[in-house]
> 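Sharing a structure below in structure tokens format, with a few things to ask.
For this chain, numbers begin at 1 and follow the sequence in order.
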Amino acid sequence: MMDETNSKAACSTEDLTKEEVIGYLHNLSPVKQGKFFDFQLQSKDRSFRGVCFSPGKRSLFAGLQADGSAVKIKKFRIDTRSNAEDLLMNNNVEIQQLPAAPFPKVDIPSTLTLGMLKSISPGQLITVKAKIIHLQEQKTVKTSSGPLSMIEGQIVDVEGYSKIILWQDFVNKVMQSLLRVKKDNYSKELFVNTAKTGTIIKPSEPFKEVLALAPTFSENVSNVTAAGKVVGIISSSQYLSCIKCNKKIEDDRSDIVACHHCGMKQMKETCDKSYYAQIMFQTEEKENLTITLFDKVIKELISVAGVTDLSGNSFDKLLLDLKNVLITYNKRTKAVSKVNRKVEQEKEVQGQ
């Protein structure tokens with residue numbers, strides 16, 4: 001998301017394209033964090049998200065949007081890091097009002113129906129009113145910001161449906177929300193996602209109209225299985241985690257340790273031991289996969305193996321000993337949810 005991006009790198013003048021883009025301005029945002037504003041640009045056959053890191057330019061863009069005329073924009077950079085094509089610009093951007101309309105302007109309201117989702121560029125903040133029709137179980141996902149609570153679900157309105165991902169404080173709230181449009185890196189599917197900043201969720205009046213039909217939401221739609229063996233360890237770690245917030249204890253050299261995230265002091269001996277590993281898995285078809293094992297799965301492996309001491313090379317040996325196994329993993333995140341010895345799997349099938 002752009003509000004998490006280093007603005008200096010994002011608006012660098014080194015990679016400015018020589019191209020120009022023509023279209024209409026829609027949904028101009030206020031200046032965010034005192035650093036940038038964004039908008040939608042409707043071109044002839046698609047829409048882009050534009051981000052300008054020059055707050056002083058906003059009044060110019062606001063006047064052009066209010067006028068409703070088509071504009072030509074030059075001196076910008078195309079960023080594809082969010083699996084989309086964002087137009088990034090700074091104080092050098094050139095924007096020119098066109099005297100004639102090159103193609104019709106289409107209304108793109110800030111409050112959208114889910115049927116209009118495909119017309120929105122990834123990364124854009126939108127408002128939708130929708131009904132939640134399915135929620136999976138809450139998960140804890142380890143990210144660069146630490147463990148975060150997350151729920152995937154499905155929402156529907158009168159014109160369409162969408163996957164939704166709720167993070168942290170929003171996992172128990174219902175819809176009327178300022179959400180961010182995202183694109184799945186694997187399936188290229190557009191979905192809605194609570195943004196790190198700016199999201200508001202509140203109850204709304206029930207729909208009186210008939211809602212759109214949505215396909216059955218499968219909790220395992222992104223999960224696949226593969227048989228094979230572990231052939232290498234890319235990285236692995238064992239660490240103590242806080243018993244309150246589950247974040248990593250950075251300094252564990254004393255008998256009393258303090259969590260740098262929540263500040264709670266605790267005895268070192270009461271801290272949970274957590275595990276992480278990124279491994280190379282070779283399938284029976286000789287395909288090499290880079291997959292990740294998080295704490296829960298590794299602790300299950302430890303329990304099954306009956307291992308009590310993982311000092312020295314014992315942890316690596318536990319992982320490298322995973323031969324003739326069947327793994328279940330998410331094809332998008334490559335996170336493993338289950339590991340079975342194939343003999344155990346065969347016994348389960350025979351016992352059914």
> List the atom of C242, the atom of Q266, and the distance in Å for their closest heavy-atom pair.
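Scanning both residues completely, I find the closest heavy atoms to be SG-NE2, 3.5 Å.
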> Using side-chain heavy atoms (C-beta onward) and a distance below 4.5 Å, is I95 in contact with L60?
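Of all side-chain heavy-atom pairs linking L60 with I95, at least one is under 4.5 Å.
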> Does F294 belong to the same Ile/Leu/Val/Met/Phe/Trp/Tyr cluster as I327, with side-chain heavy atoms less than 4.5 Å apart forming each link?
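Different hydrophobic clusters.
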> If you measure from CZ on R49 to CG on N27, what distance do you get to the nearest 0.5 Å?
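So the CZ of R49 and the CG of N27 are separated by 12.0 Å.
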> Show your working on side-chain contact (heavy atoms from CB on, under 4.5 Å) between I151 and I164 and close with a plain yes or no.
CA-CA 8 Å; I151 287 181; I164 185 171; over 6 Å; no
> Check whether Q42 reaches the backbone of V106 with its side chain - one donor and one acceptor, N or O, closer than 3.5 Å.
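Looks like yes, one N/O pair under 3.5 Å.
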> Determine, step by step, whether M89 and K75 satisfy the side-chain contact (heavy atoms from CB on, under 4.5 Å) criterion, reporting the C-alpha distance in whole Å, the side-chain angles of both residues, the deciding distance to 0.1 Å, and the verdict.
CA-CA 7 Å; M89 52 203 75; K75 293 189 177 180; over 6 Å; no
> Where is the tightest heavy-atom contact between I22 and P102, given as atom of each residue plus distance?
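Nearest heavy atoms, I22 then P102: CG2-CG, 3.7 Å.
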> Between I234 and I279, is there a side-chain heavy-atom distance shorter than 4.5 Å?
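The answer is no, as the side chains (C-beta and beyond) never meet within the 4.5 Å cut-off.
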> Should the heavy atoms of other residues, nucleotides or ligands under 6.0 Å from NZ of K57 be counted, would the total exceed 12?
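Atom NZ in K57 is packed in, count exceeds 12.
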> How about K248 and S241: do any of their side-chain heavy atoms sit closer than 4.5 Å?
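A side-chain contact is absent here, since even the closest heavy-atom pair is not under 4.5 Å.
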> Would you say that Y161 contacts Q154 through its side chain, given a criterion of any heavy-atom pair below 4.5 Å between the two side chains?
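Touching, per the 4.5 Å side-chain cut-off.
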> Are V93 and L98 grouped together when hydrophobic residues (ILVMFWY) are joined by side-chain heavy atoms under 4.5 angstrom apart?
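V93 does not cluster with L98.
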> With clusters defined by side-chain heavy atoms of hydrophobic residues (ILVMFWY) lying less than 4.5 Å apart, directly or transitively, does L240 cluster with I256?
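Shared cluster, no.
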> Do you reckon L301 sits in the same ILVMFWY cluster as L289, going by side-chain contacts under 4.5 Å, direct or chained?
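The answer is yes; both residues are in one hydrophobic cluster.
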> Report the residues that fulfil salt bridge (Lys or Arg N to Asp or Glu O under 4.0 Å) with K105, sequence neighbours left out, ordered by chain and then residue number.
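Listed in chain order: nothing, the list is empty.
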> Main chain of T333, side chain of N330: is a donor-acceptor contact present, judged purely on distance under 3.5 Å?
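Confirmed, N330 side chain pairs with T333 backbone.
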> For K296, is the NZ atom crowded, meaning more than 12 foreign heavy atoms sit under 6.0 Å from it?
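Atom NZ in K296 is not packed in, count stays at 12 or less.
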> State which residues pass ring-ring contact (aromatic ring centres under 6.0 Å, His included) with F103; sequence neighbours excluded, sorted by chain then number.
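Partners of F103 under the ring-ring contact (aromatic ring centres under 6.0 Å, His included) test: Y24.
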> Mind checking what makes ring-ring contact (aromatic ring centres under 6.0 Å, His included) contact with F281, not counting sequence neighbours?
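ring-ring contact (aromatic ring centres under 6.0 Å, His included) check on F281 returns nothing, list empty.
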> Given M150 and I165, is the side-chain contact (heavy atoms from CB on, under 4.5 Å) satisfied, shown in steps?
CA-CA 7 Å; M150 181 266 278; I165 297 181; 3.5 Å; yes
> Drop me the distance from L166's CG to S149's OG, to the nearest 0.5 angstrom.
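Taking CG in L166 and OG in S149, the distance rounds to 11.5 Å.
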> Would you call the rings of F36 and F53 parallel, tilted or perpendicular, where under 30° means parallel and over 60° means perpendicular?
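Rings of F36 and F53: tilted, 30 to 60°.
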> Are V230 and K323 side-chain neighbours, meaning at least one heavy-atom pair lies under 4.5 Å?
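Result no, sub-4.5 Å side-chain heavy-atom pair not found.
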> Just jot down the side chain to side chain contact (heavy atoms under 4.5 Å, CB included) partners of K317, sequence neighbours excluded, or say none.
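Counting only residues at least two positions away or on another chain, K317 forms no side chain to side chain contact (heavy atoms under 4.5 Å, CB included).
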> Once you round to the nearest 0.5 Å, how far does OG of S162 lie from CG of D157?
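So the OG of S162 and the CG of D157 are separated by 9.5 Å.
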> Determine whether M280 and L318 fall in the same hydrophobic cluster, where Ile, Leu, Val, Met, Phe, Trp and Tyr are linked whenever their side-chain heavy atoms lie under 4.5 Å apart.
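Different hydrophobic clusters.
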> Using the salt bridge (Lys or Arg N to Asp or Glu O under 4.0 Å) criterion, which residues pair with D251? Sequence neighbours excluded.
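Result, salt bridge (Lys or Arg N to Asp or Glu O under 4.0 Å) vs D251: R253.
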> Closer than 3.5 angstrom, by distance alone: can the side chain of S254 be matched with the main-chain N or O of V257 as a donor-acceptor pair?
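Pair absent, no side-chain N/O of S254 close to backbone of V257.
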> Less than 3.5 Å apart, any donor N or O on the side chain of S311 or D309 sitting next to an acceptor on the other?
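A pair is found: one side chain offers a donor N or O, the other an acceptor, under 3.5 Å apart.
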> Can you tell me how far CD of Q278 sits from OG of S237, rounded to the nearest 0.5 angstrom?
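Reported to 0.5 Å precision, the distance equals 11.0 Å.
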> Which value, rounded to the nearest 0.5 Å, describes the distance between Q40 atom CD and H26 atom NE2?
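Rounded to the nearest 0.5 Å, the CD-NE2 separation comes out at 7.5 Å.
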> Does the D86 side chain pair with the main chain of L88, one donor and one acceptor, at a distance under 3.5 Å?
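No, D86 side chain to L88 backbone: no donor-acceptor pair under 3.5 Å.
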> Which residues pass the salt bridge (Lys or Arg N to Asp or Glu O under 4.0 Å) test with K299, not counting sequence neighbours?
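Partners of K299 under the salt bridge (Lys or Arg N to Asp or Glu O under 4.0 Å) test: D295.
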> Taking Q65 for the side chain and L28 for the main chain, is one N or O donor matched with an acceptor at less than 3.5 Å?
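Checking the backbone N and O of L28 against the side chain of Q65, a donor-acceptor pair under 3.5 Å is found.
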> Sequence neighbours left out, what passes salt bridge (Lys or Arg N to Asp or Glu O under 4.0 Å) with E250? Give chain and number order.
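Salt bridge (Lys or Arg N to Asp or Glu O under 4.0 Å) check on E250 returns nothing, list empty.
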> Is any side-chain heavy atom of P55 less than 4.5 Å from a side-chain heavy atom of K35?
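Side-chain contact under 4.5 Å: no.
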> Quick one: list whatever passes side chain to side chain contact (heavy atoms under 4.5 Å, CB included) with Q97, sequence neighbours left out.
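In terms of side chain to side chain contact (heavy atoms under 4.5 Å, CB included), with neighbours along the sequence ignored, Q97 is linked to L64, D67, S69.
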> For the residue pair G56 and S59, what are the closest heavy atoms and their distance?
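The answer is O-OG, 3.8 Å.
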> If you compare all heavy atoms of K334 against all heavy atoms of Y329, which two are closest, and at what distance to 0.1 Å?
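Answer, listing the atom of K334 first, then Y329: CD-CE1, 4.0 Å.
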> Suppose we screen for side chain to side chain contact (heavy atoms under 4.5 Å, CB included). Which residues come up paired with Q238, at least two apart in sequence or across chains?
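Side chain to side chain contact (heavy atoms under 4.5 Å, CB included) check on Q238 returns K273, Y275, L310, F315.
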> The criterion is side-chain hydrogen bond (donor to acceptor under 3.5 Å, both in side chains); which residues satisfy it with S29, sequence neighbours excluded?
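Partners of S29 by the side-chain hydrogen bond (donor to acceptor under 3.5 Å, both in side chains) criterion, ordered by chain and then number, come out as D38.
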> Run the side chain to side chain contact (heavy atoms under 4.5 Å, CB included) test against E285 and tell me which residues pass, sequence neighbours left out.
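Partners of E285 under the side chain to side chain contact (heavy atoms under 4.5 Å, CB included) test: T283.
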> For I155 and I133: C-alpha separation, side-chain torsions, deciding distance, then whether side-chain contact (heavy atoms from CB on, under 4.5 Å) applies.
CA-CA 6 Å; I155 55 176; I133 59 173; over 6 Å; no
> To the nearest 0.5 Å, tell me how far E300 CD sits from S337 OG.
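E300 CD to S337 OG: 9.0 Å, rounded to 0.5 Å.
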> Using side-chain heavy atoms (C-beta onward) and a distance below 4.5 Å, is S235 in contact with Y276?
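When only atoms from C-beta onward are counted, Y276 and S235 do touch, with a gap below 4.5 Å.
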> Can you list the other members of the hydrophobic cluster that holds I243, where links are side-chain heavy atoms under 4.5 angstrom apart?
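Noted: I243 shares its cluster with M264.
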> Between L87 and I78, is any pair of side-chain heavy atoms under 4.5 Å apart?
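SC-SC contact between L87 and I78 confirmed.
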